[in-house]
Protein chains: 2
Amino acid sequence: MSAGTIPVEPLAEEETLSLGERAYRRLRDGIVQGTLRPGSRISERSMAQALGISAQPVREALRRLEHDGMVVTLPRRGTVVAEIGPERLAELGRIRAALEGVAAALAAERMSGEDLAELAAIVRSMRGATAAADAEALAELNERFHAILQGATGNLFLVKSLEALRAYDDLGRLRALGSTPKDMPKALREHASILAALKTRDPALAEARMRHHVLRSLTTNGVLAAPRQGR
Amino acid sequence: MSAGTIPVEPLAEEETLSLGERAYRRLRDGIVQGTLRPGSRISERSMAQALGISAQPVREALRRLEHDGMVVTLPRRGTVVAEIGPERLAELGRIRAALEGVAAALAAERMSGEDLAELAAIVRSMRGATAAADAEALAELNERFHAILQGATGNLFLVKSLEALRAYDDLGRLRALGSTPKDMPKALREHASILAALKTRDPALAEARMRHHVLRSLTTNGVLAAPRQGR
DNA sequence: AACTGCCAGCTGCTATAGCAGTTGTCCATG
DNA sequence: CATGGACAACTGCTATAGCAGCTGGCAGTT
């Protein structure tokens with residue numbers, strides 16, 4: 001590595017995932033899409049045979065799902081898909097709003113200039129996509145916005161918790177945050193205001209704005225009900 | 001189950017834990033107590049042999065620890081104990097404050113009358129223990145207070161996340177929240193005020209007070225620094 | 001001496017087999 | 001008919017063995 005840099009891209013970070021990871025995603029998708037309905041019993045052996053793999057990866061996946069609250073397993077009894085009603089979804093949404101708020105606060109303190117610039121670029125792209133009413137592009141940009149912000153915190157616990165919560169997005173037939181056409185301008189303004197708070201390194205302001213943004217978004221998407229206690 | 005309830009205590013809830021659970025606690029304690037220092041490499045096989053068990057439970061424990069942020073494992077490379085500096089502890093403390101706040105909000109909405117009465121009894125006991133300056137009793141009561149409140153939310157994800165965060169308590173040679181003698185009266189007042197908010201079914205107020213309580217407690221214990229941005 | 005390729009020794013990961021509880025059914029018993 | 005106990009068929013849990021990838025060092029070549 002003395003001479004100039006080698007002109008090749010690094011390999012894709014996850015060309016082949018572990019069986020446990022694949023089983024986890026498979027089961028998770030099955031649950032949120034309704035294929036595996038609440039109350040369904042999931043046997044390690046049966047599911048392993050159905051997936052064509054061994055029982056260990058399935059077990060590992062079930063443990064993770066249990067941590068996520070999607071299944072509940074009684075020792076030596078069995079594992080069943082948990083009931084995830086609207087009220088539970090609302091709770092998880094409020095938890096998510098709180099965590100994303102903390103992430104914004106931490107990001108306001110630690111975030112690098114490059115990350116800030118990237119967020120600014122994303123917000124600019126959002127402006128165009130909003131004008132074009134491109135819902136798909138907005139969903140993608142929104143995902144990147146939050147991902148960069150969360151990654152900037154450098155806190156793995158926070159990132160993983162939010163990742164787990166994000167898995168619930170596909171449940172109530174809602175796709176991604178801020179994708180409904182009517183609230184696109186709102187979401188754009190909110191993202192811009194969050195970015196402004198990050199630029200001024202104001203943790204409290206960034207947190208309040210992020211939290212409000214997530215709560216508002218979940219409300220317009222029907223996950224949360226009335227604007228009872230917000231902020 | 002027709003006649004009166006059977007006059008026997010249920011079996012001790014965890015007379016014999018699974019090996020995976022025991023390995024998890026063992027390793028977790030080793031990390032927070034400093035026996036397993038940051039950077040230490042943990043091999044599934046070696047650790048299994050050291051604990052006198054198989055490799056699977058150890059692997060399961062490592063996965064959980066990774067989720068908690070205490071270890072980080074690179075696929076096919078190895079698992080090492082994560083570095084947990086003061087800044088990370090502070091982050092986790094802020095996350096915890098936010099989550100306990102949400103728990104208080106949810107509890108204010110859902111909590112039953114019996115649970116409220118139990119919390120009231122605990123606060124009364126706290127009053128006595130504070131007068132007697134009984135730190136140990138206060139720590140115990142404090143733990144029960146938060147446990148009951150969190151359990152009243154009925155949200156497993158929330159409970160498990162807070163449980164994971166609680167594991168970090170033993171790290172910076174601090175034992176439990178609110179155990180330092182000087183802030184006993186403060187903690188007592190805060191618990192009482194939280195209880196009051198719960199009684200009036202005010203989620204926003206309960207959340208704000210709980211969050212302030214946790215942040216204040218972590219601050220006086222040295223986990224958090226100046227009262228920069230609170231509330 | 002500097003570089004390249006090979007290879008033993010790790011590592012996490014997966015498969016197979018078997019243990020130990022739990023449950024529901026069926027038959028013997030009151 | 002009602003009741004209780006034993007057995008079979010599950011379940012999750014654990015142990016053992018072996019696979020696949022990565023690392024570091026040792027030799028062989030230039």
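Each chain gets a letter, A, B and so on, in the order its sequence line appears, and its residues count up from 1.
Of the residues in residues 49-62 of chain A, those with a non-hydrogen atom less than 4.0 angstrom from any atom of DNA chain C are Ile53(A), Ser54(A), Gln56(A), Pro57(A).
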Just by protein heavy atoms under 4.0 Å, how would nucleotides 5-10 of chain D read 5' to 3' in B, S and -?
-> ------
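Distance, Glu44(B) CD to dC19(D) P: 18 Å, rounded to whole Å.
No side-chain donor from either of Gln150(A) and Glu163(A) sits under 3.5 Å from a side-chain acceptor of the other.
With respect to Arg94(A) and Glu109(B), a salt bridge is recorded, a charged nitrogen being found less than 4.0 Å from a carboxylate O. A salt bridge links Arg96(A) to Asp169(A): one of the charged nitrogens lies within less than 4.0 Å of a carboxylate oxygen.
Partners of Val80(B) by side chain to side chain contact (heavy atoms under 4.5 Å, CB included), not counting sequence neighbours, listed by chain and number: Arg41(B), Val72(B). The side chain to side chain contact (heavy atoms under 4.5 Å, CB included) check on Glu66(B) picks up Lys160(A), Arg63(B), Val71(B), Thr73(B), with sequence neighbours excluded. Here Ala104(A) pairs with Leu149(A), Ala206(A), Met210(A) under the side chain to side chain contact (heavy atoms under 4.5 Å, CB included) rule; sequence neighbours left out. By the side chain to side chain contact (heavy atoms under 4.5 Å, CB included) test, Ser125(A) is found to be paired with Leu141(A), residues two or more places apart in sequence or in another chain being considered. Looking at residues two or more places apart in sequence or on another chain, you find no ring pair (Phe, Tyr, Trp, His ring centres under 6.0 Å) involving Tyr24(A).
Where Arg45(A) and Pro75(B) meet DNA chain C, the nucleotide closest to each residue was compared, and Pro75(B) sits on the side nearer the 5' end.
Rotation axes derived from the C1' atoms of the five outermost pairs at either end of the helix from dA1(C)-dT30(D) to dG30(C)-dC1(D) lie 10° apart, to the nearest 10°.
Residue Ser18(B) places none of its side-chain N or O atoms closer than 4.0 Å to OP1 or OP2 of dG12(D).
Looking at heavy-atom distances under 4.0 Å, Thr73(A) makes no contact with the nucleic acid at all.
Of the possible donor and acceptor atoms, one in the side chain of His191(B) sits under 3.5 Å from a partner among the backbone N and O of Ala187(B).
Of all heavy-atom pairs between Val102(B) and Ala98(A), the closest is CG2-CB, 3.5 Å.
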Quick one: side chains of residues 111-118 of chain B, donor-acceptor pairs under 3.5 Å with protein atoms, not counting sequence neighbours, listed by atom name and distance.
residue: Ser112(B); atom: OG; partner: Glu114(B); partner atom: OE1; Å: 3.4
residue: Ser112(B); atom: OG; partner: Asp115(B); partner atom: N; Å: 3.2
residue: Ser112(B); atom: OG; partner: Asp115(B); partner atom: OD2; Å: 3.4

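Applying the side-chain hydrogen bond (donor to acceptor under 3.5 Å, both in side chains) test to every pair with at least one member in residues 74-87 of chain A, sequence neighbours left out, gives no pairs at all. Sorted by first and then second residue, the ring pair (Phe, Tyr, Trp, His ring centres under 6.0 Å) pairs involving residues 106-126 of chain A (not counting sequence neighbours) form an empty list.
Along DNA chain C, the stretch of nucleotides lying under 4.0 Å from any heavy atom of chain B spans, 5' to 3', dT11(C) to dA15(C).
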